[in-house]
Amino acid sequence: MPATLPLRIIVMGVSGSGKSTLAEALAKALSLRMKDGDELHLPESVAKMSSGIALEDADRWPWLDRIAHYLANAQPNPNGQLGAIVACSALKKIYRDRIRQQAGDAVFLFLNGKPELIRERMQQRQGHYMQAGLLDSQFQTLEVPTQDEQDVIELNIDQPVVEILHKALDQLKHFRQVKQVEQTLQIHST
């Protein structure tokens, strides 16, 4: 991948879709630093979710700002590629737009799957503050990215993580090539 453009990746989806797992695998494969968006929540928000209370937008704005700041201040990896990865639900378009506005060029990897599969995964998790009962509210909140969000790559989660990782890497490579061409065309048209 060209090193001229920062590689800012948000692995998004509802809780239990495998965001952290894929983000960690991508970080290792791309030698980029990674942050689980859960680590950037305010303590009050964690307490709410631990109690089974869904967050409101007012709870999310400072969280989204910290995510965007983390991505905007990405550091180069040992190969000189500037970038970072965050696992973050980014359920609504306005949340994704807020990250875009503050982080700069980014790409969202949308982990999509059937609610039954995700619920089963959540019920098997141990020690996570997000309660399985909040999954319904996450699906109600989710605004599935549409064609106008050209920086979103959809990945189906009904396959092994290694296959999802390979598809993500292939799609990221294609996305970066398109962005590089767009950047080159903009430079030549000015």
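Side chains are part of it too, since the values below use all heavy atoms of this structure and drop only hydrogens, waters and symmetry mates.
- Between Ile157 and Asn112 there is no side-chain heavy-atom pair separated by less than 4.5 Å.
- By the neighbour-count criterion of 12 heavy atoms within 6.0 Å, atom CD of Glu163 is densely surrounded, having more than that number from other residues, nucleotides or ligands.
- Residues Ile94 and Trp61 meet the side-chain proximity criterion, which asks for heavy atoms closer than 4.5 Å.
- Considering only heavy atoms from C-beta on, Met12 stays 4.5 Å or farther from Cys88 through its side chain.
- Rounding to the nearest 0.5 Å places OG of Ser17 at 11.0 Å from CG of Leu109.
- Exactly one residue among Leu165, Val11, Leu26, Val161 makes a side-chain contact (heavy atoms from CB on, under 4.5 Å) with Thr21. That residue is Val161.
- With contacts defined as side-chain heavy-atom distances shorter than 4.5 Å, the pair Ile164/Leu111 qualifies.
- Between Pro76 and Leu82, the closest heavy-atom pair is N-CD1, 3.6 Å.
- The minimum heavy-atom distance between Ala29 and Leu169, with the atom names listed, is CB-CD1, 4.1 Å.
- Listed here is the closest heavy atom pair of Ala106 and Ile10: CB-CD1, 3.6 Å.
- Considering only heavy atoms from C-beta on, Ile99 comes within 4.5 Å of Leu64 through its side chain.
- No donor-acceptor pair under 3.5 Å is formed between the side chain of Asn79 and the backbone N or O of Gln81.
- The main-chain N or O of Leu71 is found under 3.5 Å from a side-chain atom of Arg8 such that the two form a donor-acceptor pair.
- In this structure, Arg33 and Ile85 have side chains that are not in contact, with every pair of non-hydrogen atoms separated by 4.5 Å or more.
- The existence of a salt bridge linking Asp170 and Lys173 is excluded, since no basic side-chain nitrogen approaches an acidic carboxylate oxygen closer than 4.0 Å.
- Shortest non-hydrogen contact noted between Ala23 and Ala87 is CB-CB, 4.0 Å.
- Both Val144 and Leu22 belong to a single network of hydrophobic side chains, linked directly or stepwise wherever heavy atoms of I, L, V, M, F, W or Y lie under 4.5 Å apart.
- In terms of modelled atom types and a separation under 3.5 Å, the side chain of Asp158 and the main chain of Gly113 share no donor-acceptor contact.
- With Gln102 contributing its side chain and Ala68 its backbone, the two residues share no donor-acceptor pair below 3.5 Å.
- Using a 4.5 Å cut-off on side-chain heavy atoms (C-beta onward), Arg176 and Leu7 make contact.
- With rounding to the nearest 0.5 angstrom, the OG atom of Ser15 is 11.0 Å from the CZ atom of Arg119.
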**Request:** Please test Lys35 against Glu39 for salt bridge (charged side-chain N to carboxylate O under 4.0 Å, His left out), starting from the C-alpha separation and ending with a verdict.
**Result:** CA-CA 7 Å; Lys35 179 76 77 175; Glu39 298 171 33; 3.6 Å; yes
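- Shown here for Lys167 and Leu155, the closest heavy-atom pair between the two residues is CB-CD2, 4.0 Å.
- Using a 4.0 Å cut-off between a side-chain N of Lys or Arg and a carboxylate O of Asp or Glu, Glu149 and Lys93 do not qualify as a salt bridge.
- Taking a cutoff of 4.0 Å between a charged side-chain nitrogen and a carboxylate oxygen, Asp151 and Arg100 qualify as a salt bridge.
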**Request:** Please assess Leu30 against Asn77 for the test side-chain contact (heavy atoms from CB on, under 4.5 Å), listing each intermediate value before the final yes or no.
**Result:** CA-CA 8 Å; Leu30 297 170; Asn77 70 9; 5.6 Å; no
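- Using a 4.0 Å cut-off between charged side-chain N and carboxylate O, Asp57 and Arg60 make a salt bridge.
- The aromatic rings of His41 and Trp63 lie parallel to each other, with less than 30° between the two planes, well short of the 60° mark.
- No side-chain heavy atom of Phe110 sits less than 4.5 Å from a side-chain heavy atom of Ile153.
- Salt-bridge check for Asp36 with Lys19: failed, with every basic side-chain N at 4.0 Å or more from each acidic carboxylate O.
- Using a 4.0 Å cut-off between charged side-chain N and carboxylate O, Asp59 and Lys48 make a salt bridge.
- Neither Phe139 nor Ile53 shares a network with the other; the hydrophobic side chains, linked directly or stepwise wherever heavy atoms of I, L, V, M, F, W or Y lie under 4.5 Å apart, form separate groups for each.
- Considering all non-hydrogen atoms of both residues, Ala90 and Phe108 come closest at CB-CE2, 4.3 Å.
- Using modelled atom types and a 3.5 Å distance limit, the side chains of Asp65 and His69 yield no donor-acceptor pair.
- Within the 3.5 Å criterion, the main-chain N or O of Asn73 finds a donor-acceptor partner in the side chain of Gln75.
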